[in-house]
4 protein chains.
Amino acid sequence: MGLQALTIEAIAARAGVGKQTIYRWWASKTDVLLDAFVDDALSGIDPQDSGNLEKDLRRHLTNLSKFLTQSDAGAVFKALIGQAQNDPQLAEKIRVRFTASQRQADCLPIVKAIERGDLPRKTDVDAIVDSLVGPIYYRVLVSGAPLTPAFIKSIVEHFLASIKT
Amino acid sequence: MGLQALTIEAIAARAGVGKQTIYRWWASKTDVLLDAFVDDALSGIDPQDSGNLEKDLRRHLTNLSKFLTQSDAGAVFKALIGQAQNDPQLAEKIRVRFTASQRQADCLPIVKAIERGDLPRKTDVDAIVDSLVGPIYYRVLVSGAPLTPAFIKSIVEHFLASIKT
Amino acid sequence: MGLQALTIEAIAARAGVGKQTIYRWWASKTDVLLDAFVDDALSGIDPQDSGNLEKDLRRHLTNLSKFLTQSDAGAVFKALIGQAQNDPQLAEKIRVRFTASQRQADCLPIVKAIERGDLPRKTDVDAIVDSLVGPIYYRVLVSGAPLTPAFIKSIVEHFLASIKT
Amino acid sequence: MGLQALTIEAIAARAGVGKQTIYRWWASKTDVLLDAFVDDALSGIDPQDSGNLEKDLRRHLTNLSKFLTQSDAGAVFKALIGQAQNDPQLAEKIRVRFTASQRQADCLPIVKAIERGDLPRKTDVDAIVDSLVGPIYYRVLVSGAPLTPAFIKSIVEHFLASIKT
DNA sequence: CGATAATCGAGACGGTACGTCGTGTCTTATC
DNA sequence: GATAAGACACGACGTACCGTCTCGATTATCG
């Protein structure tokens, strides 16, 4: 069931390789996955910027939703994040290798909006981005509720409304 | 490292019990944990209501943060949620046994505010609650960023600002 | 495989009886078998005596052969004797409950012949009987060689020849 | 109590070896014993031949008695033969690996005597050897009666007397 | 004839050993 | 000289039975 169904012996056998060769290059099963996952996952991150904050946010959150729920990489990500709950070292590795880059993309629409002057200079980017992507991750990892366009729309609208004041 | 360091044999030995007795009553290691966890976790949920939405939200989110980061039950919850990423059946069990109740408590401040007339009848409770608790879970499960009072304050203020319009 | 495939739980279940009821009356699995076996095994022993030593011996050894190789009781006997190699107490019980009676029957032709005066008074009955039945048991328990009429004839003839001198 | 007191786990532990290593090389507990037993048991078989049939037979039967009742290998042999009563495959293995060689030694005095001309060419070696060793095995495996020099002497004398005619 | 035991089936219990699987390390034989 | 193949010590798995121990339900005995 999940990661423990994926044995090192099976990986080696499937690769037509001795176990030792695996151990020579990776310290653990999760490291193998992390390496295999990071490359194609990072390539899927979109650095687009249309100049329209609402549009950018909706597109970005939609892409994030699709990554998490529909892509193979997203499935691996969930598996790794799951494993990381029991393994702080893995958690750190995921952050360094993947989450940091993903985070930059998450921040991009906000940062660009600040540069444009659409948002005030003193905006707390971190808190805002967490408020935008947090609900997405929550539904994926915890509640299992579906990520509908309406939900994404609601997140973005609440955010935009909150900064109108 | 986490759940696989907790063997059934150790559980049985520690309980002064034969392995078979564990297997007789629980189908898996996670079921044992789920049973042991649910009782004391649910008891920690607070149904308080002061009549002040902002105050209630901050208190509730603060309690949630403490549960997730500082309590034993929270640690078990993280481990279970982690395992659930590889195991849809476990995910479902967690929702039925625990998340559902937790969710009710999460919704309470909003529901009460609606009853009071502080929020409009047509408020989408689910989307709003996800937006409030989502960022908390995100930091705990994914980013590892700290749950400061300032962060909680920021979440609540953005929400309140968004509904002022 | 043999006796350890016959579990107490299976015996109890097959008899529609609680395990405790078995344990109340028998101390061990072999005791159950011993009881079940002794009755019908003893009833098969023939105390006939025709007055003709050769004829009696051949008939007796033939019967013994059939008992050991063709009857259900013989199969149980082999199983019990097998178990007894590892269990002196069982060995003793088998002797008291069964082998002793069997032995009397084995001795009968010789004893009768002595009474008749066909054999000298000082005949060592035990040694002679062992020499007669020993080869039979040897083939059954050890060598697996078949118990042909010719073999039985050979045993008897050698014995009769040996006492002619 | 015998073989079931000798667990695979104990064998492995005593050998400072993982259980798997045992299972890799032997299919069952009895196979382990058989291998361990055969080597030193075969080495104890004596191919001596003095040219005197009576002397050779007495010496051989005496050695056989000592092997069965006084040596460690004899104890293992009895345990294996016991187990073999419930396990035809084991019975066959014992015959191939051990009994066959033992049998050759058992036959030797008779065969040599025939070569010497002390016994007729048409002698039925198998039947005779069974008659000689059968009583020994019978006392060991079934009756438990002691193997005295007098008993062995009686066996040999009866045999020699029977061929005098 | 109804209360009171004794006996029984059922099966949970603390244990022990089973045979299997996967781990990470070490060795061999091949290319 | 690197590598596939796989043996090795180890430890947890989930299963099967062991012999002991409660449980009701069902009999049988006696008041």
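Every chain is numbered from 1, with letters handed out A, B, ... down the list of sequences.
Between D:Ile8 atom CD1 and E:dC18 atom P the separation is 6 Å, expressed in whole Å. F:dG11 atom C1' lies 14 Å from atom CD of B:Gln4, rounded to whole Å. A straight line from CD of C:Glu9 to P of E:dG9 spans 15 Å, rounded to a whole angstrom. Atom P of nucleotide F:dA4 and atom CD1 of A:Ile11 are separated by 15 Å, given to the nearest angstrom. Atom CG in C:Leu3 sits about 15 Å away from atom P in F:dC17, given to the nearest Å.
Without hydrogens or angle criteria, D:Arg95 side chain to C:Ser143 main chain gives a donor-acceptor distance under 3.5 Å. Side-chain N or O atoms of B:Gln102 include none that pairs as donor or acceptor with a backbone N or O of B:Leu42 at under 3.5 Å.
Heavy-atom nearest nucleotides on DNA chain F were determined for A:Gly16 and for D:Ala15, and the one closer to the 5' end corresponds to A:Gly16. The 5' end of DNA chain F is approached more closely, in terms of each residue's nearest nucleotide, by B:Ala10 than by the other of B:Ala10 and C:Lys29.
Using modelled atom types, one finds no donor on one side chain facing an acceptor on the other under 3.5 Å when comparing B:Gln4 with B:Gln83. Between the side chains of C:Ser28 and C:Asp31, at least one donor-acceptor pair of N or O atoms lies under 3.5 Å.
Of the listed nucleotides (F:dG14, E:dC18, F:dC18), E:dC18 has the atom at the smallest distance from the side chain of D:Thr7.
Listed by residue number, the members of residues 17-26 of chain B with any heavy atom below 4.0 angstrom from DNA chain E are B:Val17, B:Gly18, B:Gln20, B:Thr21, B:Arg24, B:Trp25.
When the side-chain hydrogen bond (donor to acceptor under 3.5 Å, both in side chains) test is applied to C:Lys78, no partner is found at least two apart in sequence or on another chain.
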Would you list the atom pairs, donor with acceptor, under 3.5 Å between side chains in residues 6-20 of chain A and any protein atom, with sequence neighbours excluded?
| unit_1 | atom_1 | unit_2 | atom_2 | d |
| --- | --- | --- | --- | --- |
| A:Thr7 | OG1 | A:Ala10 | N | 2.9 |
| A:Glu9 | OE2 | A:Lys19 | NZ | 3.0 |

